[in-house]
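Inspection log for the structure reproduced underneath, given as C-alpha cells.
In the text below, chain A, chain B and the rest are named by the order of the sequence lines, each starting its count at 1. Keep in mind it's a predicted model, so treat the numbers as computed, not measured.
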Amino acid sequence: MPMLEALQAKDELNAVIKTRVEKACQLLDDDIHLYPNDFRRDTEIETLWARFSETDGETLEAAEYDFALAGRVVSYRSFGKVTFFHLQDRGGKIQVYAARDDLGTEAYQLFKKTDIGDIVGVRGSLFRTKTGELTVKTRGFRRVSKSMRPLPEKYHGLKDVETRYRQRYVDLIVTPRTKEIFMMRTAIVRELRDFLDEKGFMEVETPMMQAIPGGAMAKPFETHHNALDMKLYMRIAPELYLKRLLVGGFERVYEINRNFRNEGISTQHNPEFTMLEFYWAYANFEDLMDLTEEMFSRVAVKATGSSVVPYQGEQIDLSVGAWTRLAFHDSLEKIGGVAPEVYSDYEKCKALVKEKGEKVVEGEKLGKLQAKLFDILVEPRLIQPHFIYHYPTDISPLSRRNEDNPEITDRFELFMTGREMANAFSELNDPVDQRGRFEDQVKEKEAGDEEAHFMDEDYVRALEYGMPPAAGQGVGIDRLVMLLTDSASIREVILFPLLRPEAG
RNA sequence: GGGUCGUUAACUCAGUUGGUAGAGUAUCUGCCUUUUAAGCAGAGAGUCACUGGUUCGAGCCCAGUACGACCCA
C-alpha cells in the first residue's frame with residue numbers, strides 16, 4: 001500500500017509511530033486486512049457484567065457460554081505463550097485471556113502483533129482467574145482496526161488540558177470521568193425533555209440564522225447568505241420565534257438548542273452554548289418558579305441520585321421548597337448592603353458603581369446601574385438556589401410590567417453557586433408597550449450600546465394579532481450540567497470547546 | 001484588553017549556581033502458561049514551544065511571539 005509506505009518513509013514521525021506503521025506494513029504483506037468490517041458482536045461488556053458478575057468460576061466453565069465481543073485494547077500483559085489484556089467498549093471494560101494452546105500457534109502469533117489501542121473482535125467464553133476476576137477466554141480473534149498512535153500512559157492518563165480538549169477522542173478513550181460527564185449530559189437533557197413532554201410541552205425548532213438577532217442582550221455573529229445576498233446573524237436566543245408560536249396557538253413549546261454570542265471565552269462562557277427555552281400560555285412567572293423547582297430537583301435526582309448536589313466543596317440543595325425567593329431591590333439591600341436611598345437615587349447609584357470599579361456609560365439608565373451593583377455585590381453571594389424577581393423595566397425589554405409598579409417587571413433570574421442559571425418572566429404581550437420598549441432599545445443602540453435589542457416589526461405585528469398571556473424561561477444547559485457534574489469549567493461539559501487553532 | 005503561571009521523549013514529570021539531557025510508563029529485543037501500575041535483563045527514543053539577545057558557554061538569564069490554564073476587566 002503506497003500510502004503506508006509513504007507514511008513509513010516520513011522522517012518526522014516519532015519512533016513509536018514509525019514502529020507501528022512498519023508493523024502494519026508487515027501485516028499487509030501477509031495479506032491481513034487492517035480495517036475489516038466483517039466481525040459482528042453478539043453481546044457487550046456491560047451485559048456480561050450484568051449477567052455474570054456474581055457467577056462462580058465452576059459454573060462459568062461448565063456453561064461454556066459462547067459469545068462475540070468487540071472493543072479497544074487498553075492494556076496488555078504478555079507472558080510469552082499467554083497474554084492478558086483489557087478490552088473496552090462503550091459500556092465498560094473486561095479482562096481477556098489469550099493462550100497459544102487455545103488459539104493455535106499461527107493464530108496466536110498473529111494475535112501477538114496486537115498493540116494497545118487496536119480495536120479487536122474476540123470470540124470466547126468466561127472463566128475466573130486465580131484472583132477471581134471475571135475474564136474472557138479467547139477462542140477466536142480478529143483485529144478490526146489498527147492503531148498507529150500510542151495512547152497516553154495508563155497510570156496517570158491524559159493530564160494536559162489543552163490536549164484533552166483538542167483531542168477529545170483520546171480523552172474519551174483514557175479518562176473514564178470524561179466519558180461519564182458526557183453520558184450524564186445526555187441523560188440530563190433527556191430528562192428535561194421527558195419532564196417537559198409530560199407537562200404537555202411540544203418541542204420545536206426555530207431559526208438559528210436570523211435576519212434580526214433578537215431575544216437577548218448580546219453581540220451576535222454575523223454571516224452572509226450568498227444567493228439572497230443578505231446579511232444574517234447566528235441567533236443569540238430563540239425567544240421571539242417561540243413566542244410567535246404562542247400567537248400561532250401552540251400553547252406550550254420548548255426548544256433545546258445552540259445559541260451563539262460573539263463575546264469573551266472563559267470558564268463560564270463558550271461562544272456557542274446550549275439553551276433550553278420554554279413558553280407556557282396562561283401561566284405567570286410565579287408558576288414558573290414552582291415548575292423550575294420541580295424540574296431542577298427531578299433532573300438532579302436523575303443525574304446524581306440526590307436533590308442535594310455537591311459543587312466545588314458546597315452542598316447545593318435543589319429540593320422542592322428549599323429555594324429562596326427575593327425581590328431584586330430587597331436583594332440589593334439585604335445581600336448587597338445597598339440602602340434604598342442609594343440604589344433609588346441615580347447620582348448616588350452611579351457614584352457607587354464607579355467606586356466598585358465598574359465603568360458607567362453615558363446615558364445609562366438607573367436599572368442598568370442597579371444591575372451592575374447586583375452583579376458585583378449580590379450575584380457572587382447567591383450560593384444556594386435563589387429566585388431574584390421584579391427586575392427593573394429598563395433592562396427587561398421583553399418582560400411584562402408589574403401591575404402595581406410599571407418600573408419593575410414580573411421577571412426573575414435564577415442564581416446558585418454565584419452564577420446565573422436561568423432567566424424567566426411573564427411575557428409582555430401588549431404590542432403597544434412592546435413597540436415602545438423596542439424604540440427605547442433602538443435609542444440605546446444608536447447611543448452605542450452594541451448589546452441593545454433591534455426593532456423587530458414582524459414580532460410586534462405578531463403581538464398585534466394577540467398573544468395569550470404566558471410565561472417563559474431560558475435555562476443554560478451547560479451551566480446546569482456543570483452543576484450536576486461538579487465541573488469548574490464549561491469546557492469540561494462541552495465535547496469540543498472553541499480553542500484557537502494549533503500553532504504550526 | 002491586563003496580570004500571574006505553564007510549554008523538556010508518545011504520556012506523566014524531574015532538571016541543582018549558566019558547564020555533555022534525566023526517570024517512570026509506553027516502544028523495541030530476549031526470557032516467562034493465571035497476570036492486572038505483571039516481572040527480570042538489555043536497547044532505542046529530544047527542534048528543551050518559537051524567534052532573537054546576553055555569555056567562552058543557555059533547558060536555565062533577558063526581550064518578543066504562539067498556544068494553554070487561572071485571576072481581573
For [X] and [Y], I'd like to know if the aromatic rings sit close, meaning centre-to-centre distance below 6.0 Å.
| X | Y | value |
| --- | --- | --- |
| Y391(A) | Y389(A) | no |
| F415(A) | F374(A) | yes |
| F454(A) | Y233(A) | yes |

Side-chain N or O of [X] versus OP1/OP2 of [N]: is the shortest distance under 4.0 Å?
| X | N | answer |
| --- | --- | --- |
| R500(A) | C67(B) | yes |
| R491(A) | C70(B) | yes |
| K23(A) | C28(B) | yes |

Between [options], which nucleotide gets closest to the side-chain atoms of [X]?
| X | options | answer |
| --- | --- | --- |
| R166(A) | G68(B), C11(B), C28(B) | G68(B) |
| F79(A) | G24(B), U27(B), U35(B) | U35(B) |
| L158(A) | C11(B), A26(B), U33(B) | C11(B) |
| T19(A) | U35(B), C28(B), U34(B) | C28(B) |
| D160(A) | A26(B), U12(B), U33(B) | U12(B) |

Mind checking if [X] touches a base, just sugar-phosphate, or nothing, with heavy atoms under 4.0 Å?
| X | result |
| --- | --- |
| G264(A) | nothing |
| Y108(A) | nothing |
| Y165(A) | sugar-phosphate |
| L499(A) | sugar-phosphate |
| E358(A) | nothing |
| T129(A) | base |
| R20(A) | nothing |
| K159(A) | sugar-phosphate |
| T267(A) | sugar-phosphate |

Query raised in the report: Can you find a pair of side-chain heavy atoms, one from Q473(A) and one from E277(A), that are under 4.5 Å apart?
Result: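 The answer is no; the side chains never approach within 4.5 Å.
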Between [N] ([atom2]) and [X] ([atom1]): distance, integer Å:
| X | N | atom1 | atom2 | answer |
| --- | --- | --- | --- | --- |
| K81(A) | U34(B) | NZ | C1' | 15 Å |
| I265(A) | G68(B) | CD1 | P | 8 Å |
| R164(A) | U12(B) | CZ | P | 11 Å |
| I490(A) | C70(B) | CD1 | P | 12 Å |
| R77(A) | U25(B) | CZ | C1' | 14 Å |
| D171(A) | C11(B) | CG | P | 14 Å |
| F85(A) | U33(B) | CZ | C1' | 16 Å |
| K146(A) | U27(B) | NZ | C1' | 12 Å |

Return the pairing partner of [N] with a 3.5 Å limit on both distances, Watson-Crick or G-U wobble; otherwise return none.
| N | value |
| --- | --- |
| U25(B) | A10(B) |
| C40(B) | G30(B) |
| A69(B) | U4(B) |
| U51(B) | A63(B) |
| G19(B) | C56(B) |

Report task. Kindly say whether, by distance alone, the side chain of D101(A) makes a donor-acceptor pair under 3.5 Å with the base of U33(B)? Result ->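 When only heavy-atom distances are counted, D101(A) does reach the base of U33(B) through a donor-acceptor pair under 3.5 Å.
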Query - Polar side-chain contact E162(A)-U7(B) base: donor and acceptor under 3.5 Å - result: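 Donor-acceptor pair under 3.5 Å: no.
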Quote, to the nearest angstrom, the [atom1] distance that separates [N] from [M].
| N | M | atom1 | value |
| --- | --- | --- | --- |
| G18(B) | G57(B) | C1' | 8 Å |
| A58(B) | G52(B) | P | 13 Å |
| A14(B) | U54(B) | P | 32 Å |
| U33(B) | U16(B) | P | 45 Å |
| C5(B) | A9(B) | P | 22 Å |
| C48(B) | G22(B) | P | 14 Å |
| G46(B) | A73(B) | P | 47 Å |
| C11(B) | G42(B) | P | 27 Å |

Query - Lys/Arg-Asp/Glu bridge criterion (N-O < 4.0 Å) met for E358(A), K354(A) - result: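 Salt bridge flag = no for K354(A) with E358(A).
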**Report entry** Of Y155(A) and Y97(A), the one whose closest RNA chain B nucleotide lies more 5'
**Finding:**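 Per heavy-atom nearest nucleotide, the more 5' residue is Y97(A).
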Requested in this report: Could you pick out which residue, G80(A) or Y76(A), lies toward the 5' side of RNA chain B when each is mapped onto its nearest nucleotide?
Outcome: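 First, find each residue's nearest nucleotide; the 5'-ward one identifies G80(A).
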Requested in this report: Walk me through it: do S266(A) and R491(A) pass the test side-chain hydrogen bond (donor to acceptor under 3.5 Å, both in side chains)?
Outcome: CA-CA 9 Å; S266(A) 76; R491(A) 292 177 209 104; over 6 Å; no
Report task. Output yes when a side-chain donor or acceptor of S487(A) lies under 3.5 Å from a complementary backbone atom of S489(A), and no otherwise. Result ->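 Absent.
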Query raised in the report: Would F84(A) count as stacked on U35(B) if the rule is ring centres under 5.5 Å and plane angle under 30°?
Result: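 Stacked: centres under 5.5 Å apart, planes under 30°.
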Query raised in the report: Are K81(A) and Y108(A) in a cation-pi setup, meaning NZ or CZ lies under 6.0 angstrom from the ring centre and within 45 degrees of the ring axis?
Result: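 No, K81(A) and Y108(A) do not form such a contact.
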Query raised in the report: Hey, does the Lys NZ or Arg CZ of R100(A) hover above the aromatic six-ring of F111(A), less than 6.0 Å from the centre and inside 45° of the axis?
Result: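 No, a cation-pi geometry is absent between R100(A) and F111(A).
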